[in-house]
> 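Here it is: the structure, laid out below.
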Amino acid sequence: MPKIDSNPTEFNAMETALVDQSNARYLLKLYITGTTPSSTKALVNIRKICEEHLHGRYDLEVIDISQHPTLAEGEQIIAAPTLIKKLPLPLRRFIGDMSQTERILIGLDLRNVG
Amino acid sequence: MAKKNNKQPTPFTTLPKSPTGIQGLDEITGGGLPTGRPTLVCGGAGCGKTMLSIEFLVRGATQFGEPGVFMMFEENAEELSANVRSLGFDLDRLEAEQQIVLDHVHIERSEIEETGEYDLEGLFIRLGYAIDTIGAKRLVLDSIEALFGGLPNEGILRAELRRLFRWLKNRGMTAIITGEKGENTLTRYGLEEYVADCVIVLDHRVTEQISTRRLRVLKYRGTAHGMNEYPFLIGERGFSVLPITSLRLDHEASTKRISTGIDSLNAMLGGKGVYRGSSVLVSGSPGTGKSSLGAKFCETACLNGERTLLFAYEESPAQILRNMRSVGIDLDPWMKKGLLQIHSSRPTLHGLEQHLVMMHDTVRAFNPAVVVVDPISNLTMERNEGEVKPTLMRLIDFLKQQQVTTLFTSLTSGSCATPEDSQVGISSLMDTWLLLRNVEFNGERNRTIYVLKSRGMPHSNQVREFVLSDKGIDLVDVYLGTDRMLTGTARVAQEVQERAAAELHCQDHERKLRQLASKQKAIEAQIAALQAEAEAEAAEVNFAIAQETLQELASQQNSKAMAQLRGGLTNNKREGKRK
């Protein structure tokens with residue numbers, strides 16, 4: 001029973017995300033590797049971006065793949081750090097230390113190109 | 001100094017090597033790939049890089065107790081498992097037994113956005129985790145170049161790859177890294193720059209519409225290795241390389257003999273047949289009975305309980321069975337018994353090298369005592385001799401090494417001046433060479449056979465007639481006339497004539513003897529007559545003498561009587577006085 005419940009909610013979430021992007025809730029996953037400089041940098045950068053542009057409507061999950069190596073395989077993580085935008089669709093990946101804010105904003109559909 | 005000179009030379013230590021278990025490759029590399037180092041395997045599309053890699057892992061896991069990680073960037077695990085299942089590699093089972101980890105890395109370029117400095121730590125962690133879970137000793141990255149297409153910023157990528165290979169070395173992983181062939185470089189992205197210890201180049205070439213796969217060890221740091229190009233095959237039992245030039249010329253020479261199946265032919269070969277482990281070439285123009293001779297050889301070997309392999313390049317197994325039955329050779333029961341295997345294939349199916357690899361493979365799998373190739377000349381069609389000879393030499397050497405007795409038939413074309421000319425340059429490799437020839441004379445064609453050479457045994461210099469009938473194969477002495485050799489009906493006619501003449505001679509002798517006997521009798525009769533005559537004469541003479549003696553006696557008595565009558569005893573007195 002809970003399975004059936006979960007599906008429609010997810011579906012609804014997707015639909016609302018597609019219908020109204022400006023109000024969509026973001027699900028972001030950041031895969032880092034321990035406390036390497038680029039990992040910490042990425043974490044700081046993405047938090048800043050989210051707070052500035054997605055305040056109150058995002059979930060950021062931070063996963064240390066050096067602690068959970070199996071998750072790296074499941075999500076096809078090669079490069080680190082990697083940020084995956086799970087929602088709203090389409091799925092998108094960002095690699096690097098998240099220092100290029102403009103690119104991330106474009107990729108997150110938070111800014112129109114040009 | 002003197003002490004130093006006395007010292008024994010330190011034993012030559014080679015690089016530690018990990019055997020691949022791949023037929024032939026270990027021979028070329030002198031034991032396998034460098035342990036704990038990466039090896040680059042490169043070549044064009046479809047040349048067998050993935051097959052080589054997967055076999056390296058599977059054999060490592062199953063034969064050498066070294067589990068392995070296969071990280072693939074192109075196929076996924078299901079596709080790979082399906083692809084290699086035909087080779088008898090069950091990746092699913094090995095994965096369940098924790099012998100192999102298959103990890104598919106999928107990168108979608110369109111999803112990825114670069115946002116600053118990154119590294120490949122994710123890949124490192126995945127690899128490290130996979131290696132640690134099964135305690136892997138071997139690793140394959142197939143093909144890591146996909147990263148170049150999937151990730152931006154080549155500069156970072158190159159630095160990371162360099163780090164990756166160093167990391168692999170530090171972890172002591174024996175690794176294979178595959179790479180696609182580039183325009184002017186070994187690999188499209190210059191991986192050879194990072195993997196410098198051992199480079200194997202695979203190649204897939206098409207000449208005269210026939211493709212041949214070749215392998216070459218381009219570089220192997222710190223060890224000697226075969227430098228040549230070696231043909232290889234991806235067959236039913238996996239990858240196999242034909243390393244023949246690495247073989248030495250030191251095979252055993254058996255003194256045991258093996259029968260050819262034809263008593264009279266054995267008689268021509270010192271009475272016992274050919275040596276075990278030697279090679280026999282039977283050459284001749286079309287229809288001289290080469291295949292029949294080969295089949296007879298097979299049958300005899302089977303009769304003696306030897307495992308026999310027949311490679312046929314002209315007829316299908318069913319056709320061979322039918323045709324050979326017509327000359328009294330029944331191979332069917334031996335096939336059913338499993339002593340005989342017939343492998344028929346089209347010569348044009350592969351290149352010569354590929355055929356040889358296949359034969360190599362089959363021989364290793366079946367382990368026969370006798371191999372017959374019918375005919376070898378078909379394999380060498382339209383190839384130049386320089387190419388053919390070394391390859392055939394490889395095969396013959398290999399078979400000798402295995403102590404396999406081989407019989408090759410070879411078709412000689414009519415265009416050549418002499419049958420000796422038309423050989424593909426392999427006759428010098430053969431121990432025994434039988435030549436079958438057609439002799440056309442007197443309106444018919446007959447087969448003849450003679451031993452051109454036979455190493456290490458006395459052999460007949462005679463030409464024999466080779467007779468094929470439903471009773472089998474037999475050799476018959478030919479008739480040597482005053483100026484030419486007679487075969488077939490001419491021989492039969494001549495034989496009849498000779499027999500008649502011999503009979504006549506015989507009768508003549510008897511007649512002469514009889515004459516002599518009667519003459520002797522006549523003479524004896526004459527002798528008897530003469531003797532009788534002589535006896536008669538002697539009797540006559542005796543009679544006469546007796547008569548005369550009697551007459552004399554009588555006359556003496558007469559004279560005495562007369563003297564008495566004349567009165568006196570004068571005579572007596574006179575006689576008495578004289579006394």
Side-chain angles (χ1 to χ4, degrees), chain A residues 28-46 48-50 63-86 89-111 113, chain B residues 69-77 95 101-134 136 141-161 163-164 167 171:
Chain A
L28 302 172
K29 286 191 178 184
L30 179 67
Y31 292 86
I32 55 166
T33 50
T35 53
T36 57
S38 57
S39 293
T40 39
K41 234 193 214 169
L43 191 53
V44 170
N45 286 337
I46 196 66
K48 198 170 142 232
I49 291 166
C50 287
I63 299 136
D64 185 354
I65 50 170
S66 56
Q67 300 295 319
H68 309 282
T70 44
L71 293 174
E73 193 181 332
E75 280 293 351
Q76 289 292 353
I77 307 298
I78 295 294
T82 296
L83 177 74
I84 301 180
K85 183 190 74 158
K86 289 286 214 181
L89 292 176
L91 192 110
R92 194 152 283 160
R93 287 161 185 263
F94 304 87
I95 57 169
D97 57 13
M98 309 297 148
S99 58
Q100 295 175 353
T101 317
E102 281 302 305
R103 279 194 172 197
I104 297 171
L105 290 178
I106 293 167
L108 291 175
D109 298 317
L110 292 173
R111 188 154 299 178
V113 185
Chain B
V69 173
F70 194 94
M71 188 169 260
M72 63 208 104
F73 295 80
E74 286 160 350
E75 295 171 296
N76 66 33
E95 213 176 0
V101 170
L102 301 174
D103 189 356
H104 176 222
V105 175
H106 175 75
I107 308 164
E108 193 64 62
R109 181 70 179 91
S110 59
E111 288 177 356
I112 292 174
E113 194 75 50
E114 191 209 347
T115 65
E117 289 274 307
Y118 69 94
D119 55 33
L120 290 182
E121 199 57 40
L123 184 72
F124 281 67
I125 287 169
R126 277 170 79 166
L127 271 177
Y129 177 71
I131 290 165
D132 290 339
T133 43
I134 59 166
L141 299 172
D142 179 47
S143 114
I144 201 160
E145 282 180 319
L147 289 180
F148 285 95
L151 293 175
N153 200 338
E154 206 176 306
I156 293 180
L157 216 48
R158 289 196 176 275
E160 285 297 289
L161 284 185
R163 188 162 74 93
L164 176 67
W167 181 78
R171 295 209 56 153

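Chain letters run A, B, ... following the sequence lines, proteins first and then strands; every chain starts at 1. Keep in mind the model is a prediction, meaning the values are calculated, not measured.
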> What is the distance from atom OH of B:Tyr118 to atom OG1 of A:Thr82, rounded to the nearest 0.5 Å?
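These two atoms lie 10.0 Å from each other.
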
> On a heavy-atom basis, which atom in B:Gly122 and which in A:Ile65 lie closest, and how many Å separate them?
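That closest heavy-atom pairing would be CA-CD1, 3.6 Å.
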
> Judged by atom type as modelled, is there a donor-acceptor pair below 3.5 Å linking the side chain of A:Gln76 to the main-chain atoms of B:His106?
yes

> Please give me the minimum heavy-atom distance between A:Arg103 and B:Glu114, naming the atom from each residue.
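So the minimum-distance heavy-atom pair works out to NH1-O, 2.8 Å.
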
> Does any backbone or side-chain atom of A:Ser66 lie under 4.5 Å from a heavy atom of chain B? Answer side chain, backbone, both or neither.
both

> Tell me every residue that passes side-chain hydrogen bond (donor to acceptor under 3.5 Å, both in side chains) with A:Thr36, counting only those two or more places apart in sequence or in another chain.
A:Ser39

> With a 4.5 angstrom heavy-atom cut-off, is it the side chain or the backbone of B:Leu147 that approaches chain A, or both, or neither?
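For B:Leu147, the contact with chain A is made by the side chain alone.
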
> For B:Glu117, is the CD atom crowded, meaning more than 12 foreign heavy atoms sit under 6.0 Å from it?
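Open: at most 12 neighbouring heavy atoms sit under 6.0 Å from CD of B:Glu117.
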
> Residue by residue, which of residues 93-100 of chain A have a heavy atom closer than 4.5 Å to a heavy atom belonging to chain B?
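Those residues of residues 93-100 of chain A which have a heavy atom under 4.5 Å from chain B are A:Arg93, A:Phe94, A:Ile95, A:Gly96, A:Asp97, A:Met98, A:Ser99, A:Gln100.
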
> Measure the spacing between CD of A:Gln67 and CD1 of B:Ile125 and express it to the nearest 0.5 Å.
9.0 Å

> Of all heavy-atom pairs between B:Leu151 and A:Ile78, which one has the smallest distance, and what is that distance?
CD1-CG2, 4.2 Å

> Say you draw a straight line from CD of B:Glu121 to CD1 of A:Ile32; how long is it, rounded to the nearest 0.5 Å?
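B:Glu121 CD to A:Ile32 CD1: 11.5 Å, rounded to 0.5 Å.
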
